[in-house]
Amino acid sequence: MLKTRRRIIFFLFEGAEHLSSEKIGFEESLKSHVVDAGKCAGCAACVVSCPFFCLEYSDGKPKLIKECESCGICLRVCPRYQWNTQEMEKHVFGRQHSGNEPFGVFRRVVLARAVDEEILERCQDGGLVSALLAFALEHNVIEAAVVSGVSSEKPFHPVPRLATTREQILECSGTRYTYSPNMLALQEAAKQKKKAVAFVGTPCQIQALRKMEAARLKKYVAPIKFAIGLMCTESFTYEGLIEEHIKNRLGISPEQIKKMNIKGKIIVETLSGEEKIIPLKEAKAYTRQGCHHCRDFSSELADISAGGLGLTNWTFAVIRTEKGEKIFESAEKNGAITTKPVDKEGKAWRLLHLLSSKKRGVK
Ligand SMILES: Cc1cc2nc3c(=O)[nH]c(=O)nc-3n(C[C@H](O)[C@H](O)[C@H](O)COP(=O)(O)OP(=O)(O)OC[C@H]3O[C@@H](n4cnc5c(N)ncnc54)[C@H](O)[C@@H]3O)c2cc1C
Ligand code: SF4
Ligand code: SF4
Ligand code: SF4
């Protein structure tokens, strides 16, 4: 029995040999210390990593659907279980962040914008994320991108997507401020045996991805060419923000939402050209429970981090790794993106410091 169990793990997770001696199961680890404790980020890393398919993603959380084999893999990939920033920084960068890097290790900070008018039309801020993905696809750096699109059944509800064409990347541009477990699209990439994939996700998802990498779950991490992390203060429940507030209180049908952006307040733009404001203080009531336990604002472990930081039509980019630098510079040299220096006295720079420190709990 034990041999069969090990064989299943080795077959599904080449390189995960070192995990098989672990005897802790889901219920005494993630269920009791993360999910029931209200700390679950909802990233779905545990669900996709279970080699015995014991977990289902249900209501934004993992749910045990058959007897756990206590292999210990799910707890190795969870960003909310035994998280160690120093260890993970060493894994990604070979060193810890210094006192001069309050938003994590980085090589370059710069403002960036897509050059393509179609991307600029559909994107959230400067379209850097979509421009990099479209560029990487066009130049055969990747064959697919893990992103988040919009549900065809529930308006403005984000759903994980595996984009394989430029049109699909563009369809997924823009931000939905409710949660999208993009890891489920990475599972789809593995199913389709994609060999070169870019991953876009929130900081909690980038943390999970790095833990999967450290746990050597090659099936998922080997194809990753680069990971773009979005900056993130919080995400909201769909029921609260979209249904209770926008639909019931503001009287805007979710089908009518064209775009939402957060610039000190939530700005809801409708298809008919109306603009409604939701004060951030009011929206806080809809913050997902797991977000209250989050310590990473700027996706500190991503290859490239991207955020709006109050800017208009520019994306604030933090380039952190060699991989990130390579794809960014290549897109820049080929004219897919344009850049300008960050004003180090400016509001965006100060906001990045402030929000990063606030999330880390540093006064
Ligand atoms: C939940 C959430 C909260 C955020 N909070 C902040 C913040 O507080 N401060 C800040 O500066 N920036 C925040 N951002 C990032 C910001 O909204 C932009 O995504 C970022 O500036 C990149 O802009 P862009 O024009 O380059 O991206 P685009 O080219 O428009 O591409 C955006 C990418 O994000 C993906 N995406 C959209 N919604 C989601 C989602 N819910 N989950 C995962 N991926 C998604 C899309 O698939 C697309 O690939 C947040 C993003 C999210 C998803
Ligand atoms: S990965 Fe699956 S089998 Fe292994 S401990 Fe977690 S739930 Fe149980
Ligand atoms: S944070 Fe992610 S990995 Fe951890 S229990 Fe929640 S969904 Fe699973
Ligand atoms: S605040 Fe953002 S990064 Fe943190 S758990 Fe929530 S969605 Fe994930």
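The analysis underlying the following values was restricted to heavy atoms, covering all of them including side chains, and did not include hydrogens, waters or symmetry mates. Atoms within each ligand, like the ligands themselves, are counted from 1 in listed order.
Using a 4.5 Å cut-off on side-chain heavy atoms (C-beta onward), Y57 and M183 make no contact. Taking 4.5 Å as the limit, every side-chain heavy atom of K225 sits out of range of all side-chain heavy atoms of I327.
Taking backbone and side chain together, C43 holds an N, O or S atom under 2.8 Å from atom 2 (Fe) of ligand 3. In summary, no N, O or S atom of C40 is located under 2.8 Å from atom 8 (Fe) of ligand 3.
Of all atoms in ligand 4, numbered sequentially from 1 with element shown, those under 4.0 Å from a heavy atom of S235 are 7 (S). Ligand 4 places these atoms under 4.0 Å from at least one heavy atom of K359: 1 (S), 4 (Fe). Less than 4.0 angstrom separates some heavy atom of T233 from each of these atoms of ligand 4: 1 (S). Interface of R288 with ligand 4, defined as ligand atoms under 4.0 Å from a residue heavy atom, comprises 6 (Fe), 7 (S). Counting the atoms of ligand 4 from 1 in the order shown, those under 4.0 Å from a heavy atom of P203 are 3 (S). Close contacts of ligand 2 with C71, meaning ligand atoms under 4.0 Å from a residue heavy atom, involve 1 (S), 3 (S), 4 (Fe), 5 (S). Remark: ligand 4 atoms within the under-4.0 Å shell around heavy atoms of Y179 are 7 (S). Close contacts of ligand 2 with F52, meaning ligand atoms under 4.0 Å from a residue heavy atom, involve 3 (S). In the vicinity of C204, heavy-atom distances shorter than 4.0 Å reach the ligand 4 atoms 3 (S), 5 (S), 8 (Fe). Atoms of ligand 2 found under 4.0 Å from any heavy atom of G72 (numbered from 1 in listed order, with element): 4 (Fe), 5 (S). Applying the 4.0 Å criterion to heavy atoms of E234 picks out, from ligand 4, the atoms 1 (S).
The residues R166 and E118 are annotated as salt-bridged, a charged nitrogen and a carboxylate oxygen being separated by less than 4.0 angstrom. Ion pairing between a basic and an acidic side chain is recognised when a charged N comes within 4.0 Å of a carboxylate O; D125 and K263 show such pairing. Electrostatic pairing of E300 and K359 does not count as a salt bridge here, judged by no charged N lying under 4.0 Å from a carboxylate O. A salt bridge is absent between E87 and K90: the closest approach of a Lys/Arg side-chain nitrogen to an acidic carboxylate oxygen does not fall below 4.0 angstrom. Between E167 and R122 there is a salt bridge, since at least one side-chain N of the basic residue sits less than 4.0 Å from a carboxylate O of the acidic one.
Closest to atom 1 (S) of ligand 3 by heavy atom, among P62, G290, A41, S49, is A41.
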**Verdict with supporting geometry, L64 and K31, side chain to side chain contact (heavy atoms under 4.5 Å, CB included)** = CA-CA 9 Å; L64 198 63; K31 174 87 168 64; over 6 Å; no
**Request:** Show the numbers, then the answer: is there a side chain to side chain donor-acceptor pair (under 3.5 Å) between R288 and S235?
**Result:** CA-CA 6 Å; R288 291 161 67 248; S235 77; 3.2 Å; yes
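For atom 3 (S) of ligand 2, the closest non-hydrogen atom on the protein side is E69 N, 3.3 Å. Here the heavy atom of the protein found nearest to atom 7 (S) of ligand 2 is F26 CB, 3.6 Å. If you check which protein heavy atom lies closest to atom 8 (Fe) of ligand 2, you get C68 SG, 2.3 Å. Of all protein heavy atoms, the one closest to atom 6 (Fe) of ligand 2 is C74 SG, 2.4 Å. Counting protein heavy atoms only, atom 4 (Fe) of ligand 4 is closest to C294 SG, 2.3 Å. The single protein non-hydrogen atom nearest to atom 2 (Fe) of ligand 2 is C50 SG, 2.4 Å, given as residue, atom name and distance.
Remark: the E255 side chain and the S253 side chain contain an N/O donor-acceptor pair separated by less than 3.5 Å. In the model, Q205 has a side-chain atom that pairs as donor or acceptor with a side-chain atom of Y179 under 3.5 Å.
Contacts between R80 and ligand 4 below 4.0 angstrom, taking non-hydrogen atoms only, involve the side chain exclusively. Using a 4.0 Å cut-off between heavy atoms, A44 contacts ligand 3 through its backbone alone, with no side-chain atom that close. At a heavy-atom cutoff of 4.0 Å, ligand 4 is contacted by no atom of Q205, backbone or side chain.
Heavy atoms of A208 stay at 4.0 angstrom or farther from ligand 3.
Heavy-atom neighbours of E345 CD from other residues, nucleotides or ligands within 6.0 Å: at or below the threshold of 12.
No option in K276, R249, K265 other than R249 meets the salt bridge (charged side-chain N to carboxylate O under 4.0 Å, His left out) test with E282.
Seen from the ring of F328, R108 does not count as a face-on cation partner, given the 6.0 Å and 45° thresholds.
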